[in-house]
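Only one structure is covered here, and it is reproduced in the block below.
Heavy-atom basis, side chains included; hydrogens, waters and symmetry copies ignored. The first residue of the sequence shown is numbered 1, and numbering continues consecutively from there.
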Amino acid sequence: MSDTANILDCRGLSCPEPVVRSKKHISASNPESMSVIVDNQAAMENVSRLLRNQGYQVETEKRGADWRVSGSRNGAAMPMEEGADDCDCATEKVCVVISSSVFGSGDDELGSKLMKNFLATLPEFGPSLWLVILLNGGVKLAAKGSHVLDQLKALQDEGTGILVCGACLEHFKLMQDKMIGETTNMMDVVTSMQFADKVIKI
């Protein structure tokens, strides 16, 4: 297959389409190297993570308003199995989805305090706590100035994955202010919920 065939132009595509197209290309042709051109930072981070998870060494290059994400195996690695992770498969996987910066409705000041208490209490799940996914207004919790960054960092330090919706960060203009977690996309969110044994939505 020619080098040109392994260059995907995903500019102008909304999340998670760049990741979907990249994943399909890998499944179809399993190239030793490939490049994906995108026009927003969320897509750049999501595609980079996909390629790393598939065994590629990744380099990114900013070109004007676009990014070029290049992955190469150089014969040194094979794709990871879909859904593979480092967790103990004998342990229940709990996924917590947070879609607001406050806990509950009625009083935002109270909701803000409740959210901090909720995140501080989540470690009680122990090793079962697998992922925390931040969507919509929940991405504000991972941004500069958030009152719960210490609680999120404590969770991450204990091995809990924290995924932050890239499209939501872009919407709230918080991409540059993200302080913790991995930028994610809706395909990853749906896949994570599928693999989880229990999903808690806040």
Hey, could you give me each pair passing salt bridge (charged side-chain N to carboxylate O under 4.0 Å, His left out) that has a residue in residues 122-144? Not counting sequence neighbours. K144-D177
Result of checking N185, D188, T183 against R49 for side-chain hydrogen bond (donor to acceptor under 3.5 Å, both in side chains): D188
Sorted by chain and residue number, the salt bridge (charged side-chain N to carboxylate O under 4.0 Å, His left out) partners of E59 (sequence neighbours excluded) come out as none
Closest contact, heavy atoms only, I98 versus M115: CG2-CE, 3.7 Å
Ignoring hydrogens and angles, tell me if any N or O in the side chain of S146 forms a donor-acceptor pair with the backbone of A142 under 3.5 Å. no
Same apolar cluster (I L V M F W Y, side chains within < 4.5 Å links), L13/M175: no
Could you go through the side chain to side chain contact (heavy atoms under 4.5 Å, CB included) check for N53 and L50 one step at a time? CA-CA 5 Å; N53 286 342; L50 170 71; 5.6 Å; no
Distance (rounded to the nearest 0.5 Å) between M187 CE and S192 OG: 10.0 Å
Check: H171/N136 side-chain N/O donor and acceptor closer than 3.5 Å: no
What residues, two or more places apart in sequence or in another chain, satisfy salt bridge (charged side-chain N to carboxylate O under 4.0 Å, His left out) together with D108? none
Of all the heavy-atom pairs spanning R52 and V58, show the shortest one and how long it is. CG-CG2, 3.6 Å
Provide the closest heavy-atom pair for W67 versus Q41 in the form atom of the first, atom of the second, distance. CZ3-N, 3.4 Å
H25 side-chain N/O to L8 backbone N/O, donor-acceptor pair under 3.5 Å: no
Only pairs at least two apart or in different chains count here, so list each salt bridge (charged side-chain N to carboxylate O under 4.0 Å, His left out) that has a residue in residues 6-16. D9-R11, R11-D66
Using the test side-chain hydrogen bond (donor to acceptor under 3.5 Å, both in side chains), find all partners of S72 that sit at least two apart in sequence or belong to another chain. N74
For S99, the side-chain hydrogen bond (donor to acceptor under 3.5 Å, both in side chains) test, sequence neighbours excluded, returns none
E109: which residues meet the side-chain hydrogen bond (donor to acceptor under 3.5 Å, both in side chains) condition with it, sequence neighbours left out? none
Applying side-chain contact (heavy atoms from CB on, under 4.5 Å), name anything that partners V190, two or more places apart in sequence or on another chain. M186
Could you list the donor-acceptor pairs under 3.5 angstrom formed by side chains in residues 151-168, with sequence neighbours left out?
| unit_1 | atom_1 | unit_2 | atom_2 | d |
| --- | --- | --- | --- | --- |
| K153 | NZ | D157 | OD2 | 2.9 |
| T160 | OG1 | L129 | O | 3.4 |

Which value, rounded to the nearest 0.5 Å, describes the distance between K116 atom NZ and H147 atom NE2? 6.5 Å
What are the two closest non-hydrogen atoms of V36 and C10, and how far apart are they? CG1-SG, 3.9 Å
Applying side-chain contact (heavy atoms from CB on, under 4.5 Å), name anything that partners S100, two or more places apart in sequence or on another chain. V102
Listed once per pair and sorted, the salt bridge (charged side-chain N to carboxylate O under 4.0 Å, His left out) pairs that draw on residues 37-47, sequence neighbours left out: E45-K178
M34 and side-chain contact (heavy atoms from CB on, under 4.5 Å): which single residue from V69, I7, I26 fits? I26
Residue pairs involving residues 94-119 (criterion ring pair (Phe, Tyr, Trp, His ring centres under 6.0 Å); sequence neighbours excluded): F103-F118
Determine, stepwise, if the pair L135 / K201 fulfils side chain to side chain contact (heavy atoms under 4.5 Å, CB included). CA-CA 11 Å; L135 299 170; K201 301 177 184 178; over 6 Å; no
dist S22:OG -> Q54:CD (nearest 0.5 Å) comes out at 10.0 Å
Least distance between heavy atoms, N6 atom then S33 atom: CB-O, 3.6 Å
If you measure from CG on L134 to CD on E182, what distance do you get to the nearest 0.5 Å? 12.0 Å
Within a 6.0 Å radius of atom NZ on K62, are there more than 12 heavy atoms belonging to other residues, nucleotides or ligands? yes
Could you walk me through whether L131 and F195 pass the side chain to side chain contact (heavy atoms under 4.5 Å, CB included) check? CA-CA 11 Å; L131 279 178; F195 279 111; over 6 Å; no
